[in-house]
Amino acid sequence: MSKKYESLAATIVEKVGGSGNISAVRHCQTRLRFTLRDTKKADKEGIGNLDGVAQVVESGGMFQVVIGMHVAEVFEEVEKLVPNGEGQEEPDKGNGKKMSPADYVIDFVSSVFQPIVPALSGAGMLKALMALLTVFHLVNSDSQTYYILNFFADATFAFLPILLAYTTAKRMKCNAILAMSVAGIMCHANWLALVAAGEPVKFFGVIPFYLVSYTSTVIPVILVIIVQSFVEKWLNKVIPKAVNLVFVPMFTFLIMGTLALSVLGPVGDYVGEGLALVFDWLSTNASWAPAALIGGLFPVMVMFGIHHAVAPLGSMQMASLGFDSIFGPGCVCSNIAQGVAALVVGLRTKESKTRQLGLSTGVTALMGITEPVLYGLNLPKKYPLISAMIGGGLGGLYAGVTHTHRFATGSSGIPAVLLYIGDDTMSFFWNIIISLLITAVSTAAITFILSLKFEKSVEMQAQEAAVIEAVIENEEKNTVYAPVNGKVVEMGDIPDPTFSEGVLGWTMGIYPEDGIVRAPFTGKVVQVSDTGHAIGLEANDGMELLIHVGVDTVEMGGMGFDPKVKEGDEVNAGQELLVFDRKAVADAGHPDVVVVIVLNADDYTATELMAEGTVAAGTKIIQLKK
């Protein structure tokens, strides 16, 4: 689909200084947005003269190449020419700046632990199944079947260092197979036999190896592989290429095996023991805190990516103490709260799309998958998110006070209650059930109360329907009706050169009085930006229009924008297209002018602005003539 833009993409990349000069590239509804290492290398004039490029703009540290409605296709080809991470010493954020130390740690922990989550979940659910089988006396804990199921489930934890060696090696960009082999040294049965024997071990009679078992551990192997990444790079540099394949692995095993069992492994073990003491202290003296805080703040953690750093604490506690009270209880309370909040909104709202979204994403959240409900409903509407945070915090508080913990990692939805069966008791199971009931009831009550204020009344919705019907009844061909209530601004007064100079087509704007954008005619949605701030439309009479909310609002990453339509939808004049948060736009430092662009104005003999001053949504603002 994008092949016809290969030449254009290649020329643009060449004229911005080549792929090596590109720190990051992305696109919005109309522009390619480059973060360049050296803007002086870019041929701004040459790019601007290319056929297919409307304009070049430098703003906010971004080198912006204005393409128009075909920007996504051009981006596909540009992306092929700019391999991820090329020329980067460490991961970059979307703005091209290096990560802060905190962001780097979060990204590192996430990249190491996230790939092994399926294995941990599978092992956890198998543990839960074993608990059920023994509780209902279907399998005896002394039986051979139980013994076999147990090592099925334990295999993931027993060889956890090997799994972590692989993911850490991938993150550190060293040889993953060599890393797994080094972890295998740490978990080898012969080493475990030496540990069990308890006799002093000295390598070559000089180097002491400390008797530590590394199965089921986390910190030691991560520390070992981080060091290995540097050792391996050094070996590849000093050993001739002709014998590199043989001697790099050999010296890697010798050096890292020695360091792992003499220095790095024991240091990592001490750190792990320290964490175990912290977990034990929290479980005894402040058991309420982790579950309550995670139950209440988990959605915020997800938004900022902090949950990737917190979640592994549960796995570490599981590895050291055999249970998790740090992450699991609070997380499941939070997820249930978000699901319940969405379900209440779905039942309360009179908008069919919101109802459908609330009911569908609410159910998936109850099963432990919350991204759709968080970003699709709770965050845009705000009040269900607040309700869920309060309800999740209350449920987490009860779980913490009662020392509720799970005995395996796994799903964080309703099925997760099975993970709380263990230690030959059902008390933790019943406590998590009570926690979730507290969560659900309090969240539902708060959401319902807040919905009385924030959900539109039946009367308001009837008034809006009347406005839509009036516009449809009087709709004329080749006419654009105001998509928002607000003050009309002519093209030259829009605070952005691309818009004010009409680069993309005949343009006007409206400074809105509210955050509701409506369809300016009857037609079809042809494009909705990934960040929700712009919508492309085509009228039944062939007019092509782009509605762009704000200037540079793509930088907000979708925060504050809630599209109500999708590509391919048929829309009626006056129908709600998009809801946006004007305060969020202002807080982000962007003008919130709603820009209306007639993309194919050249197909008409004249384009006339029909309104001035303040207009209501549905007022005729543009008239085109054939």
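The shown structure was predicted, so the numbers you read here are calculated from the model rather than taken from an experiment.
Relative orientation of the W191 and Y214 rings is parallel, given thresholds of 30° and 60° on the angle between their planes.
Atom OG1 of residue T167 and atom CG of residue L164 lie 5.0 Å apart, to the nearest 0.5 angstrom. In this structure, the separation between OG1 on T439 and OH on Y398 is 11.5 Å, given to the nearest 0.5 Å. Note that CD1 of I386 and CD1 of I446 are 10.5 Å apart. Values are rounded to the nearest 0.5 Å.
No hydrogens or angles considered: nothing links the side chains of S143 and T145 as a donor-acceptor pair under 3.5 Å.
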Item checked: Criterion side-chain contact (heavy atoms from CB on, under 4.5 Å) on L194 and F209, from CA distance to verdict -> CA-CA 10 Å; L194 290 173; F209 282 0; over 6 Å; no
Next item on the list: Please report the C-alpha distance between L366 and N335 in whole Å, then the side-chain angles of each, then the deciding distance to 0.1 Å, and finally whether the side-chain contact (heavy atoms from CB on, under 4.5 Å) criterion is met.
Entry: CA-CA 6 Å; L366 293 180; N335 290 351; over 6 Å; no
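Here the closest non-hydrogen pair linking V224 and M256 is O-CE, 3.3 Å.
Among residues two or more places apart in sequence or in another chain, the side chain to side chain donor-acceptor pair (under 3.5 Å) test is passed with T447 by S387. Partners of Y383 by side chain to side chain donor-acceptor pair (under 3.5 Å), not counting sequence neighbours, listed by chain and number: E455.
When each of L235, N236, V238 is tested with N244 by the rule side-chain contact (heavy atoms from CB on, under 4.5 Å), just one qualifies, namely N236.
Annotation: ring pair (Phe, Tyr, Trp, His ring centres under 6.0 Å) contacts involving residues 221-266, sequence neighbours excluded, are absent.
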